[in-house]
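Note sheet for the following structure.
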Amino acid sequence: MPASRGARSCRHAKEETQMKVFTVLGPSHAGKSTLVEALVGLEDSPGKRLDIPGVASVQGFGFMGEDWAAIDIAGGSENLSPVGAALAASDAAVLCVPADADDAVLAAPYLRVIEEAGIPAIVFINRIDAAQSRMSEIVAALQTYSRHHIVLREVPIRDGDSIVGMVDLVSERAWQFREGKPSVLIEMPETVRGREEEARAELLESYADFDDALLEELIEDKAVMPEEVYEVATRTLQEHALVPAFMGSALNRNGINRLMKSLRHEAPGVEVARARLNDAPVAVGVLADVVKHLGKTVLVRALNKPIAASGPLGGGNVGSITDLDSKTALNTLKPGMIGLTVKSDHLAAGRGFTASAAAVLPGWARPHTSAYRRIVTPVHEKDDTRLSGALERLTEIDPGLSVTPDEKSGHPILATQGPLHLRRLMQKLAQDFSIEVNEAPVPPALRETIRRGTEVHHRHRKQSGGAGQFADVVIEVRPEARGSGFAFSSSVKGGAVPRNYIPAVENGAIEALAEGPQGFAVVDVSVELKDGKSHSVDSSDFAFRTAGKNAVREALAELGTVVLQPIMKVDIHVPSVSSGSLVPLVSGLKGQVLGFEAHERAAGWDVFQTLLPMAAEDELFNALAAATRGTAWFTSAFDHYQEARKDEVADLVSGQA
C-alpha cells in the first residue's frame with residue numbers, strides 16, 4: 001500500500017528541507033499579485049521581499065515549517081523577457097488565469113514557455129466568484145495551447161449562478177467558501193455528486209495513462225484510494241506529464257490553502273530544476289536591478305553547490321550576499337536558496353553560472369527577439385558619454401534589452417519588448433542615472449541605385465607651385481543586379497593609367513558611392529576604368545583617387561538615382577485563432593504574404609511569414625498588439641532592397657531628417 005500523504009509529510013519533516021521556489025505568471029489583470037499575497041498570508045509568516053517595479057517581485061514566506069519563495073512576474077506581453085530565467089530557477093510554475101474561456105488565448109504565451117521549459121506547472125483559475133464560463137470550458141480553451149493534458153482537480157459547488165464551494169476530486173471532500181476566511185469542510189451536496197463522479201472518473205483515467213497499477217484497478221472496477229491518486233499526481237506533476245488545474249478566488253482567500261498544499265506535497269525539489277538545465281550551472285541569475293547608493297544587485301538561486309560570500313561564481317568573486325531586503329547579510333546560499341549578490345558586477349540576469357564562467361541558459365530561457373526599436377539621444381549634451389555607460393549597465397540587468405549604434409548618426413538604438421518597456425527604461429535612466437533622453441523612430445537604412453549606365457571622362461588638374469596634381473580617367477558606370485553590391489574592373493590598355501594607380505581610382509569610386517545625390521549609399525553598380533592619362537611628375541595616388549571620385553559623382557548626377565528601401569523577412573508567431581486577421585493587416589502595410597503554417601512544437605500557434613518594408617515594422621508592432629490582444633510577436637531579418645514608389649519616397653526621406 002502506498003504511503004499516506006500524512007506519512008510522507010512526517011518523513012519529509014524529519015529531513016533537512018530545502019527552500020522551494022515557484023513562479024507565478026499569467027496575463028495582466030488575472031490577479032497574480034493578489035494570489036501571491038494570499039499564499040504568503042496563509043500562516044502570516046512573510047519573510048523578506050524584493051520589488052523591481054514593473055518587472056517582478058519576490059516574496060519569501062514560511063508554510064508548514066518550510067521555507068518558500070514566490071516570484072511574481074508582471075503580466076503583459078512586454079514583460080515576458082524575465083519569465084525564462086525565473087522558470088529556470090524555479091521548482092514549479094503557477095499559471096494564474098481569469099475564469100473566462102474567452103480569455104484563454106491571453107495565457108497562450110505563458111503556456112508556450114511552460115511547455116518549452118518542461119517545468120512542473122499548475123493552473124489556478126482565479127476569480128471564480130465572478131466566473132464568466134464553466135470550469136470545463138476554461139480548461140478546454142486552455143488545452144488548445146498545451147500539448148500536455150490539463151486535468152481538473154476540483155469541481156465547483158454552485159448555488160444558482162454563484163460558486164459557493166468546491167469538491168476535491170482526489171479526496172472527494174467538499175468545502176464551502178467563506179469570504180476572507182478558511183473554507184469549511186461540509187458534506188458533499190447531492191446536487192454536485194453526479195458531476196463529481198464524472199469528473200473524478202476523467203481525472204483517474206488521465207492519471208491511469210501514467211500508472212499501470214491504477215489502470216488495472218480501473219479496469220477491474222476496484223475502489224481507488226486517495227493516497228494512491230496523490231502518489232500518481234505527485235509523480236506526473238514532477239515529470240511534467242500532466243498539468244493539474246485548481247480554482248478559487250485569491251481576493252476572497254478561497255481555494256488558496258488547497259493550492260499551497262498541492263505545491264508542498266507535489267512540487268519537486270531543486271534537483272529537478274537542476275536536471276532541466278542538464279546540471280550545468282551551479283546557480284542562475286534570476287533578476288537584476290541597479291539601485292542608487294547600492295549599485296547592481298543580482299538575484300541568484302543556488303542549484304547544486306553552496307555559494308559563499310566572497311567565493312567564486314561566474315568567473316569572478318561574489319562581493320557579498322544579502323537576503324531579499326538587500327540589508328540582511330547571508331554568509332552562504334545553500335542549494336535551493338535565493339539571495340541578492342551585491343558588488344558583483346560580473347554577474348547578470350538571465351544567465352547561468354559555474355564557478356569559473358557564465359553559462360548560457362537553454363533557448364527557452366532566453367527572451368524572444370525585441371522588435372520595438374527606438375533611437376535615444378540625451379536631452380543634455382553633457383550626458384552623451386554617460387549614456388553609453390548607463391545603457392551598458394541596463395543590458396546587464398534586463399535580458400529583453402539590446403543596444404546597437406545607428407549606422408548613420410551613431411546614436412544608440414534600443415531594441416525593447418514594446419513601448420511600456422521602453423518607457424520603464426527611460427524612467428530608470430532618469431531616476432537611477434540622472435540622464436534624461438528623447439526617443440524617436442529608427443529611420444530605415446535607405447540606399448540609392450541607378451537604372452541605366454553612362455561613360456564619363458574626367459580630368460583632375462591642379463597647379464599651385466611645386467608639384468602639381470594630374471589624373472585623367474575615362475570610366476563607365478553601369479547598373480547591376482539587385483543585391484550584387486559594387487564591382488570594379490579595369491580594361492585600360494597600353495599603360496595609359498599605370499597599374500599602381502588603378503587601386504586609387506577604385507578607392508575614389510567607393511568614396512563617391514558612400515553618399516549619392518540623395519544622401520544615401522549607392523549600391524548595385526559597377527565601375528569600369530576604360531582609359532586615362534598620367535603625368536610622370538604630377539600624377540599620384542591622391543590625384544587618381546580624386547579623379548575617380550569626381551568622375552563617379554558626375555556620372556551619378558547625370559544619370560539620377562532612385563531610392564531603395566529595405567525589405568524584411570518577418571516571421572510572426574501568432575495564436576492560430578488570430579492568423580486569419582493578419583492577411584488584411586499585412587496587406588494594409590504594403591507587405592507580401594508568403595504563407596503560414598502550424599508551429600512544429602507550440603500547440604495552438606502558427607508562424608505567419610511575410611515580406612514587409614522596414615519602415616512599416618513599427619506600425620506592425622502596434623497593429624499586432626490590437627489584432628491579437630497582445631499575444632503575438634515577430635522576428636525580422638533583412639531580405640533585400642526594393643525600389644520605393646514615388647509616392648513613398650517623400651515620407652521615407654523625411655524620416656531620415
Side-chain angles (χ1 to χ4, degrees), residues 77-78 80-81 84 109 112-113 116 350 360 362-375 395 399-409 411-418 421-422 441-449 481-486 520-521 523-524 563-574 579 582-583 585-602 605-625 627-628 631-644 648 652 655-656:
S77 59
E78 295 185 33
L80 284 169
S81 57
R112 176 168 173 172
V113 72
E116 292 171 347
V360 177
W364 56 261
R366 298 192 289 269
H368 59 71
T369 304
S370 296
Y372 191 74
R373 300 166 69 246
R374 282 294 189 275
I375 286 183
T395 59
L401 169 66
S402 65
V403 181
T404 55
D406 178 53
E407 67 170 25
K408 193 168 185 179
S409 68
H411 293 309
I413 297 175
L414 272 58
T416 68
Q417 301 280 303
H421 184 197
L422 175 69
V442 180
L446 302 180
R447 298 289 186 263
E448 300 175 39
T449 196
R482 191 74 67 240
S484 60
F486 167 70
F520 313 113
V523 296
D524 303 337
V563 173
L564 301 176
Q565 64 172 325
I567 303 299
M568 312 300 287
K569 170 69 164 50
V570 178
D571 288 347
I572 304 172
H573 293 250
V574 57
S579 291
L582 298 191
V583 174
L585 186 155
V586 167
S587 299
L589 297 176
K590 301 173 184 176
Q592 176 187 348
V593 175
L594 300 179
F596 62 92
E597 56 187 17
H599 194 284
E600 59 182 8
R601 295 182 307 277
W605 286 81
D606 288 337
V607 179
F608 190 99
Q609 299 178 326
T610 178
L611 293 175
L612 193 74
M614 179 186 281
E617 284 192 329
D618 278 353
E619 195 172 347
L620 172 65
F621 190 97
N622 296 326
L624 269 184
T628 69
T631 55
W633 71 84
F634 66 88
T635 60
S636 68
F638 172 77
D639 191 80
H640 66 277
Y641 272 99
Q642 176 179 294
E643 183 177 337
E648 297 174 321
L652 289 170
Q656 307 290 314

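Sequential numbering from 1 along the given sequence is applied to the chain's residues. Remember, predicted model here, so these are calculated numbers, not experimental data.
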Distance-only polar pair, side chains of Gln417 and Ser370, donor-acceptor under 3.5 Å: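 Gln417 vs Ser370: donor-acceptor pair found between side chains.
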
Checking Gln592 against Thr610: is there a side-chain donor and acceptor pair closer than 3.5 Å?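 No.
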
Mind checking whether [X] and [Y] have side chains closer than 4.5 Å, heavy atoms only?
X	Y	answer
Leu612	Leu589	yes
Pro367	Leu80	no
Lys408	Phe520	yes
Val563	Glu648	no
Leu564	Val523	yes
His640	Leu611	yes
Leu620	Ile572	yes
Arg112	His599	yes

Is the backbone N or O of [Y] less than 3.5 Å from a side-chain atom of [X], with the two atoms forming a donor-acceptor pair by type?
X	Y	result
Glu78	His421	yes
Ser409	Asp406	no
Asp606	Val574	no
Gln609	Leu594	no
Asp524	Gly483	yes

side-chain hydrogen bond (donor to acceptor under 3.5 Å, both in side chains) between Gln642 and Gln565, worked out: CA-CA 5 Å; Gln642 176 179 294; Gln565 64 172 325; over 6 Å; no

Sidechain N-carboxylate O distance under 4.0 Å for Asp618, Arg374: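 Yes, Asp618 and Arg374 are salt-bridged.
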
Looking at Arg447 and Glu407, does any basic side-chain N land under 4.0 Å from a carboxylate oxygen?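 Looking at Arg447 and Glu407, the cut-off is met.
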
May I ask you to decide if the ring planes of Trp605 and Trp633 are parallel, tilted or perpendicular, using 30° and 60° as cut-offs?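 It falls in the tilted class, 30° to 60°.
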
Using 30° and 60° as the class limits, which term best fits the ring planes of Phe608 and Phe596: parallel, tilted or perpendicular?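 Answer is parallel, since the angle falls under 30°.
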
Identify the two heavy atoms, one from Leu446 and one from Leu652, that lie closest to each other, and give their separation to 0.1 Å.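 Looking at all heavy atoms of both residues, the shortest contact is CD1-O, 3.7 Å.
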
Test side chain to side chain contact (heavy atoms under 4.5 Å, CB included) on Leu414 and Ile375 and set out the steps. CA-CA 6 Å; Leu414 272 58; Ile375 286 183; over 6 Å; no

